[in-house]
4 protein chains.
Amino acid sequence: MENGSSPLLNPRKSPRQERSIATVDAIFEATIQVLSSDGLIGLNTTRVARRAGVSVGTLYQYYPNKQALLFAVLERHLVALAAAIEKACDENLTAKADELAEAVVKAYLRAQMAQAEVSPALYRISLELDARALIDMATRRSVAAIGAALASASDAQFADPHLVAQTLTAALFGTVPAFCHRVLAPADGREAEKQLTIMFRSYLAAHQSGVCGS
Amino acid sequence: MENGSSPLLNPRKSPRQERSIATVDAIFEATIQVLSSDGLIGLNTTRVARRAGVSVGTLYQYYPNKQALLFAVLERHLVALAAAIEKACDENLTAKADELAEAVVKAYLRAQMAQAEVSPALYRISLELDARALIDMATRRSVAAIGAALASASDAQFADPHLVAQTLTAALFGTVPAFCHRVLAPADGREAEKQLTIMFRSYLAAHQSGVCGS
Amino acid sequence: MENGSSPLLNPRKSPRQERSIATVDAIFEATIQVLSSDGLIGLNTTRVARRAGVSVGTLYQYYPNKQALLFAVLERHLVALAAAIEKACDENLTAKADELAEAVVKAYLRAQMAQAEVSPALYRISLELDARALIDMATRRSVAAIGAALASASDAQFADPHLVAQTLTAALFGTVPAFCHRVLAPADGREAEKQLTIMFRSYLAAHQSGVCGS
Amino acid sequence: MENGSSPLLNPRKSPRQERSIATVDAIFEATIQVLSSDGLIGLNTTRVARRAGVSVGTLYQYYPNKQALLFAVLERHLVALAAAIEKACDENLTAKADELAEAVVKAYLRAQMAQAEVSPALYRISLELDARALIDMATRRSVAAIGAALASASDAQFADPHLVAQTLTAALFGTVPAFCHRVLAPADGREAEKQLTIMFRSYLAAHQSGVCGS
DNA sequence: GATGAATGAGGGTTCATTCAT
DNA sequence: GATGAATGAACCCTCATTCAT
């Protein structure tokens with residue numbers, strides 16, 4: 001599931017490998033920094049290497065090409081988002097639909113905000129062709145987790161939990177960037193969370209109460 | 001037929017001008033085609049010119065630079081979206097909130113689908129720095145139109161129509177791309193419309209019934 | 001001596017030709033204006049045509065190419081300079097060397113100042129390869145005129161009037177631009193004239209008094 | 001050997017740096033060669049790079065753009081001229097005015113001739129807009145040095161040494177190019193030096209003897 | 001004659017990637 | 001392993017010149 005470019009997370013063995021790990025991390029962090037300060041367009045391998053304090057050559061020893069670098073960053077972001085949603089769902093497996101809605105929205109926004117610096121740039125990356133697999137992975141995990149939570153909700157029956165989960169996921173992954181950066185003022189994070197929660201709750205309620213014919 | 005950058009919507013005068021118009025249009029359409037087939041990264045002025053059947057020089061006679069080209073395309077798209085929403089709102093000024101929700105969702109999705117070819121690429125453009133003004137324009141128009149319609153809805157009172165309008169706009173402009181291209185399969189346009197409508201309706205209902213403390 | 005591109009100065013015959021003349025003049029003046037305001041680098045045929053109020057095509061009907069345009073301007077300038085010097089020399093054929101020096105310096109500076117706007121740009125042109133013929137023409141005329149005046153000066157005998165004339169011409173054509181635009185402040189035209197006169201007078205005096213062995 | 005843009009006049013350290021130095025020098029020399037053979041108009045970065053035996057990319061690693069390249073060449077030339085004049089003045093601080101005149105003329109011509117290949121092209125560069133600072137630097141140094149030497153001349157008092165120094169500088173920097181390349185034949189270097197010296201000597205004499213009213 | 005749209009070679013510049021040291 | 005100088009394809013853009021109308 002990881003691509004060859006992220007030798008992260010593996011058990012470290014020797015000092016040599018430790019240094020390698022440190023280097024990879026430095027490059028990784030430098031990428032995020034450059035992304036934040038110069039944007040996707042201003043990002044080039046030389047600049048990343050310089051910011052990481054290594055030479056371009058070294059960069060290419062750990063990441064086969066520029067794409068791999070960006071994928072690694074995007075991957076970590078999406079994995080974090082998916083994990084946050086899964087965690088929220090797991091912790092609310094038998095809760096009420098209302099609570100689930102609130103928990104999921106909160107968890108997603110927390111994770112999103114934690115990387116607020118990069119996320120706009122990441123969305124640019126994610127729209128470039130080959131990131132689909134990554135995005136699919138994240139949304140699939142989200143849909144699965146939310147779907148499972150909906151199916152086991154203590155106070156409601158959903159005719160099609162999967163469809164509802166899909167809609168909520170789409171609203172989350174799609175709405176939030178627009179929410180954060182365009183329509184609502186930057187400081188309105190609180191309000192965004194509140195409104196999203198209301199929207200999700202009432203949407204779920206509608207699905208429970210048979211308002212919709214499906 | 002109309003494009004934002006040509007001041008030429010008037011009765012044609014000379015063969016000279018007709019030729020110009022044809023050329024601008026050809027370039028404009030070529031840009032959309034290249035965007036669809038090669039993506040934003042694969043788009044370069046030479047390629048656009050070739051596809052338009054003109055020389056690079058000609059391209060630069062009508063668009064001062066590459067950005068201007070992309071802006072023109074994006075502008076047309078966003079203007080179309082905003083206009084569609086405004087029209088839907090105007091036609092439902094004194095309708096019920098439910099009907100408004102349905103009309104807005106439908107109008108937006110119609111407009112979006114009409115340019116389904118380009119819209120993914122357009123979202124890439126819109127994330128590049130200087131498109132903010134364009135996006136702001138479109139979302140402002142949407143917020144204003146929806147806000148006005150909510151304020152004059154026949155069956156409901158909204159404590160803060162502007163905030164609700166903002167949320168709906170964010171959900172529309174943010175959700176739909178994700179909806180259309182990632183989570184739901186391409187053919188699911190119908191379903192997307194249905195779910196979005198439910199979400200909007202119930203969200204509006206929640207705001208009417210005082211469920212939310214605001 | 002005129003090259004084919006300047007049909008100026010010929011007797012006009014028909015209204016058609018008069019219009020032509022007006023057009024050539026307009027283009028000619030436009031060239032000077034663009035040269036003054038945008039410099040040699042900022043000068044292109046389209047801009048000149050626009051400033052002249054004609055189309056590029058028309059421009060190319062009167063001047064076969066860009067070079068011809070610039071040559072025409074440079075030619076007029078250099079012809080004016082040479083004529084001014086010749087006139088001053090003719091009017092001082094039997095005067096004293098001192099008076100000749102003064103008259104030549106004054107005449108040259110007057111002519112130069114009259115076209116102060118363009119002359120810096122003209123010097124750029126003149127340094128491009130093919131202007132040598134033009135410059136040679138002007139300096140040859142200057143050398144011939146000054147040489148003749150020196151040879152017939154009422155108060156002095158010059159061992160080699162031609163050599164002296166060459167030196168003075170070189171000093172004139174070379175010094176003045178530097179004088180006007182770099183070393184002396186712009187307002188120092190008076191002072192420049194005074195110093196140049198002193199230099200010329202004393203140089204001539206040196207040649208008369210046998211200070212120099214030649 | 002020294003060029004203005006390289007901060008590398010220090011003891012060589014690594015093969016890395018030595019290679020860099022060799023490359024910068026190669027590019028620098030190639031620029032001069034191309035300038036000599038193809039002129040300013042025929043000079044483009046590709047051609048320079050090819051002549052230097054490197055790729056364009058390499059060229060841009062050492063000079064941020066084409067201008068910088070030309071500036072570097074012009075700067076070296078002007079610095080050399082200014083230095084030559086300063087040296088001549090320093091060595092004749094308490095000499096007679098006559099000797100000073102001779103020394104300065106000789107020094108300037110020596111320096112000029114040493115780079116005879118490029119100087120015509122350099123004068124083209126120097127007329128492009130942003131070279132003023134460079135030229136001002138050189139003429140200021142010349143004026144200052146000559147002024148000081150005049151003020152301390154053993155056999156003369158000058159009412160306004162600065163003005164005289166300005167005039168001589170203008171005559172030097174302005175006359176010589178015309179001298180060398182236009183009016184006098186190339187081989188006449190000797191004669192040019194002789195005449196210029198006479199002109200300078202007599203001009204200085206005129207200022208000493210009170211001929212001029214200033 | 002006049003027009004100005006069209007041409008396209010050519011120039012400056014960038015940057016992902018390689019490889020000798 | 002690390003370095004960073006070198007590479008060169010590719011891109012954006014300009015402008016002298018032509019030619020159909």
Side-chain angles (χ1 to χ4, degrees), chain A residues 16-17 19-20 23 41-50 53-69, chain B residues 14-24 41-50 52-67 69, chain C residues 16 19-20 23 41-50 53-69, chain D residues 14-24 41-50 52-69:
Chain A
R16 183 149 308 163
Q17 287 200 7
R19 182 139 78 104
S20 289
T23 303
I41 282 187
L43 181 147
N44 58 264
T45 52
T46 312
R47 191 151 17 207
V48 168
R50 192 165 44 235
V54 301
S55 67
V56 226
T58 300
L59 186 155
Y60 274 86
Q61 212 137 42
Y62 292 104
Y63 295 91
N65 51 45
K66 192 183 166 184
Q67 283 248 17
L69 203 55
Chain B
S14 71
R16 208 55 58 71
Q17 288 194 9
E18 271 187 48
R19 182 141 71 114
S20 285
I21 293 174
T23 304
V24 195
I41 282 188
L43 182 147
N44 61 262
T45 53
T46 313
R47 185 131 47 191
V48 168
R50 190 162 45 234
V54 300
S55 66
V56 225
T58 298
L59 185 155
Y60 278 90
Q61 209 147 41
Y62 296 101
Y63 297 91
N65 50 48
K66 191 184 166 184
Q67 282 245 19
L69 204 56
Chain C
R16 182 150 309 164
R19 183 140 77 103
S20 290
T23 304
I41 283 189
L43 182 147
N44 59 264
T45 52
T46 312
R47 187 145 28 200
V48 169
R50 191 164 46 233
V54 300
S55 67
V56 226
T58 300
L59 186 154
Y60 274 86
Q61 213 138 40
Y62 293 105
Y63 295 90
N65 51 45
K66 191 185 169 184
Q67 282 249 16
L69 203 56
Chain D
S14 71
R16 209 55 59 69
Q17 289 194 8
E18 271 187 48
R19 180 140 74 115
S20 284
I21 293 175
T23 304
V24 194
I41 282 189
L43 181 148
N44 60 264
T45 52
T46 314
R47 184 129 52 189
V48 169
R50 190 161 46 231
V54 300
S55 67
V56 226
T58 298
L59 186 156
Y60 277 89
Q61 209 147 42
Y62 294 101
Y63 296 91
N65 49 47
K66 191 184 166 183
Q67 281 245 21
L69 203 55

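As the structure is a prediction and not an experimental result, all values here were calculated from the model. Per chain, numbering begins at 1; letters A, B, ... match sequence-line order.
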Q) Is the shortest heavy-atom distance from the side chain of Tyr63(C) to the side chain of Thr45(C) under 4.5 Å? A) no
Q: Would you give the length of the straight line joining atom CG of Asn44(A) to atom CD1 of Ile41(A), rounded to the nearest 0.5 angstrom?
A: 12.0 Å
Q: Stems involving DNA chain F: give each as a range paired with a range, ordered by first number, where a stem means at least three consecutive Watson-Crick or G-U wobble pairs under 3.5 Å.
A: E:2-21 with F:2-21
Q) Between atom CG in Asn44(D) and atom P in dA9(E), what is the gap in whole Å? A) 16 Å
Q) Can you tell which of dC11(F), dT3(E), dG12(E) lies closest to the side chain of Gln61(C)? A) dT3(E)
Q. Closest heavy-atom contact between Leu59(B) and Ala49(B)?
A. CD1-N, 4.0 Å
Q | Val48(D) and Lys66(D), any side-chain heavy atoms less than 4.5 Å apart | A | no
Q. Can you find a side-chain donor-acceptor pair between Ser55(D) and Thr58(D) that sits under 3.5 Å?
A. yes
Q.
Nearest heavy atom decides the nucleotide; on that basis, is Val54(B) or Val54(C) closer to the 5' end of DNA chain E?
A. Val54(C)
**Q.** Thr58(C) side chain, from C-beta outward: closest of dA5(E), dA2(E), dG12(E)
**A.** dA2(E)
Q. Taking the side chain of Thr23(D) as heavy atoms from C-beta outward, which of dA6(F), dT7(E), dT3(F) is closest to it?
A. dA6(F)
Q | Thr23(D) to Tyr62(D) - nearest heavy-atom pair and separation | A | CG2-CE1, 3.7 Å
Q.
So if I take every side-chain heavy atom of Val56(B) and compare against dT7(E), dG4(E), dA9(E), which nucleotide ends up nearest?
A. dA9(E)
Q) How long is the gap from OG on Ser20(C) to CD on Gln61(C), to the nearest 0.5 Å? A) 8.5 Å
Q.
Does dA6(F) have OP1 or OP2 under 4.0 Å away from a side-chain N or O of Tyr62(D)?
A. yes
Q | Residue Tyr60(A), side-chain atoms from C-beta onward, closest of dA5(E), dT13(E), dT17(E) | A | dT17(E)
Q) Please give, in whole Å, the distance from dA2(F) C1' to Arg50(A) CZ? A) 17 Å
Q. What's the OH-P distance between Tyr63(D) and dT14(E), to the nearest Å?
A. 17 Å
Q. From the list dT17(F), dA2(E), dA16(E), which nucleotide is the closest neighbour of the side chain of Thr45(A)?
A. dA16(E)
Q) When you match Leu43(A) and Gly57(C) each to their closest nucleotide on DNA chain E, which lands nearer the 5' end? A) Gly57(C)
Q. Of the nucleotides dT18(F), dA5(F), dT13(E), which one has an atom closest to the side chain of Asn65(D)?
A. dT13(E)
Q.
So if I take every side-chain heavy atom of Ser55(B) and compare against dG1(E), dA6(E), dA5(F), which nucleotide ends up nearest?
A. dA6(E)
(Q) Judged by each residue's nearest nucleotide on DNA chain F, which is more toward the 5′ side, Gly42(B) or Leu59(D)? (A) Leu59(D)
